[in-house]
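Residue numbering restarts at 1 for every chain, and letters A, B, ... go by the order of the sequence lines. It should be emphasised that the depicted structure is a prediction, and the values quoted were computed from it without experimental measurement.
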Amino acid sequence: MTQLTLYNTRTRAKEVFTPIDPANVRAYLCGPTVYDRAHIGNARNVVMFDILIRLLRRLYPKVTYVRNITDIDDKINNRAKERGLPIEQVTEGPIRWYHEDMGALYALPPDIEPRATEHLPEIIAIIERLIANGHAYVAEGHVLFSVASDPDYGKFSGRTPDELIAGARVDVAPYKRDAGDFVLWKPSTPDLPGWDSPWGRGRPGWHIECSAMSWKHLGTDFDIHGGGDDLIFPHHENEIAQSCCAFPGSHFAKTWVHNRMLLVNGEKMSKSLGNFKVLNDVLQTAPGEAVRLLLMRSHYRSTLDFSDAGLVEARKELDRFYRALEAHPGVKAASEVPECVLEPLLDDLNTPGALSGVHGLADAALAGDASAAAAMLAAGHVLGLLNVSPAEWFAGDIPAEVQDLAAQRVEARKRKDFAESDRLRDAIAALGYAVEDGPGGTYKLRKS
RNA sequence: GGUCCGGUGGCAGAGUGGUGAUGCAGCGGACUGCAAAUCCGCGAAUGUGGGUUCGAUUCCCGCCCGGACCUCCA
């Protein structure tokens with residue numbers, strides 16, 4: 001039985017995943033707001049969703065993966081103003097970096113990567129529907145969603161209307177009917193980017209773009225919607241309200257998967273705390289595959305403390321995997337994902353369990369079992385690991401200087417000059433490389 | 001304050017109503033000129049007090065501790 005079980009935030013329970021249309025599974029992930037480099041929290045989100053997509057592709061003939069780019073945002077506007085540039089030039093770099101950084105983590109690109117700036121007609125169409133349906137109103141140039149008009153509002157995030165009022169901030173705009181009402185459209189001053197609309201020149205609110213883009217590319221009802229759990233409220237609550245109210249009778253996303261925030265040195269990583277770890281900075285210190293493995297070492301719904309020690313361990317685990325593959329040169333990936341890896345993944349993406357399975361296979365491969373090595377590669381395909389050859393993994397680019405020292409060491413060992421041999425090994429280690437002797441006096445170099 | 005989640009060996013981190021994965025680290029042995037890698041073996045954990053049960057780490061309640069959301073954030 002290959003049944004996928006996922007924890008659905010909507011029902012707060014694990015459920016057997018059943019596609020709306022098994023011929024085309026449709027999934028949406030909230031993508032980046034492009035004004036800066038991606039951080040490692042973005043990376044966790046993307047890596048986990050990447051594994052889900054890879055798994056779904058094993059189970060179903062077609063999967064449509066949509067991940068948006070938010071390129072309309074006040075932070076972007078602020079940068080544009082500071083630099084005196086149009087927003088396209090502000091977002092261009094961050095979009096390119098995002099693709100590069102996620103690519104370094106072996107995250108597959110989405111099938112469709114819509115941008116907010118390309119979906120103004122859909123955004124405006126949804127807002128018009130909401131006004132027509134009595135779920136939105138115009139006030140002082142703004143269009144606002146009326147939470148009171150939606151009896152289901154708050155159910156998704158588990159909030160009562162009373163709580164919403166209690167939680168509202170002091171500076172509630174006077175034109176709001178209810179404190180919880182949120183902006184669908186807001187006016188732009190001449191110095192800000194804006195688009196023409198029935199309500200004048202302005203720009204969309206934060207939540208409406210996801211409703212518009214998922215509608216355009218996946219329809220009013222689709223299978224899976226993902227994001228970080230900090231988006232449950234208000235972002236996802238509001239998306240649901242907008243989409244379901246704009247399209248009466250529809251249910252928006254059926255299954256919601258949210259990954260937990262990660263911690264840095266035991267503290268939540270957040271914009272206000274200013275303790276962000278930039279993904280690209282981490283990638284300067286460790287291979288992308290090691291970063292990816294570190295993100296997979298804990299379950300996506302539990303907290304993960306991102307640490308340098310963890311990164312070192314992740315790298316050592318990969319060393320072991322690649323050594324196992326190295327024992328079987330030329331082995332090809334098996335066609336099926338091994339049971340010891342597939343089974344944990346099917347159970348709500350238990351990546352630590354899956355990695356445990358890979359370790360078992362590595363044991364077998366090191367003991368001489370070629371089929372275990374083939375199974376490891378198949379597991380790598382669904383996990384997004386073991387993407388390079390063992391030679392590439394270990395060698396990296398070994399400087400000529402290090403190779404020269406190693407050659408001298410071989411000579412010294414032939415002469416039984418072990419003092420010199422040890423001195424050379426230390427010299428090699430000082431340059432960040434390790435040397436391993438093999439049978440017959442040969443040696444192997446690797447980064448240490 | 002409201003809502004929710006979690007507390008597992010030295011560290012990281014899964015599963016499970018009935019002998020507690022996996023990795024890193026540590027210890028002993030084999031191998032090695034010495035190492036490294038590899039192999040064999042070892043030690044080591046379920047926050048706390050009750051309850052349900054033949055039996056609880058697992059289910060229920062209290063307590064303590066930690067974290068998240070309620071505000072831009074993945």
Please determine whether the number of non-hydrogen atoms from other residues, nucleotides or ligands lying under 6.0 Å from atom CD of A:E100 exceeds 12.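 It does: A:E100 CD has more than 12 such atoms within range.
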What integer distance in Å separates [X]:[atom1] from [N]:[atom2]?
X	N	atom1	atom2	answer
A:N259	B:A74	CG	P	11 Å
A:D319	B:C24	CG	P	10 Å
A:F233	B:A74	CZ	P	17 Å
A:Y35	B:C72	OH	P	13 Å
A:L349	B:G15	CG	C1'	16 Å

Could you tell me whether [X] contacts a base, only the sugar-phosphate backbone, or nothing, with contacts defined as non-hydrogen atoms closer than 4.0 Å?
X	value
A:R260	base
A:R446	sugar-phosphate
A:L262	base
A:K416	nothing
A:H299	sugar-phosphate
A:E317	sugar-phosphate
A:G310	nothing
A:L355	nothing
A:V46	nothing

So what's [N] paired with, Watson-Crick or G-U wobble, going by both distances under 3.5 Å?
N	answer
B:C59	B:G51
B:U16	none
B:G6	B:C65
B:U38	B:A30

With a cut-off of under 6.0 Å to the ring centre and 45° to the axis, is A:R446 in cation-pi contact with A:Y433?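 Negative - A:R446 is either too far from the ring of A:Y433 or too far off its axis.
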Under the 6.0 Å and 45° cation-pi test, does A:K444 pair with A:F394?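 That pair qualifies as a cation-pi contact.
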So which nucleotide from B:A36, B:C39, B:G33 ends up closest to the side chain of A:E436?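 Shortest atom-to-atom distance from the side chain points to B:A36.
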Please determine, by modelled atom types, if A:H258 and A:D229 share a side-chain donor-acceptor pair under 3.5 angstrom.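 There is no such pair (donor and acceptor under 3.5 Å, judged by atom type) between the side chains of A:H258 and A:D229.
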Does [X] get its side chain close enough to the base of [N], under 3.5 Å, for a donor-acceptor pair?
X	N	answer
A:R425	B:A35	yes
A:D229	B:C4	no
A:R413	B:G33	yes
A:S421	B:G33	yes
A:H359	B:A21	no
A:D422	B:G33	yes

In this structure, is the centre-to-centre distance between the rings of A:H207 and A:F145 below 6.0 Å?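 They do not qualify: ring centres at least 6.0 Å apart.
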With a 6.0 Å cut-off on ring centres, are A:H217 and A:F222 close enough?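 Here the rings of A:F222 and A:H217 have centres that are no less than 6.0 Å from each other.
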So, is [X] near the phosphate of [N], with a side-chain N or O under 4.0 Å from OP1 or OP2?
X	N	result
A:R159	B:G2	no
A:S302	B:A14	yes
A:K316	B:A25	yes

If you round to the nearest 0.5 Å, how far is CG of A:N259 from CG of A:L52?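 The CG atom of A:L52 sits 11.5 Å away from the CG atom of A:N259.
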Nearest-nucleotide 5' precedence on RNA chain B, A:A434 against A:N45: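 The residue closer to the strand's 5' end, by nearest nucleotide, is A:A434.
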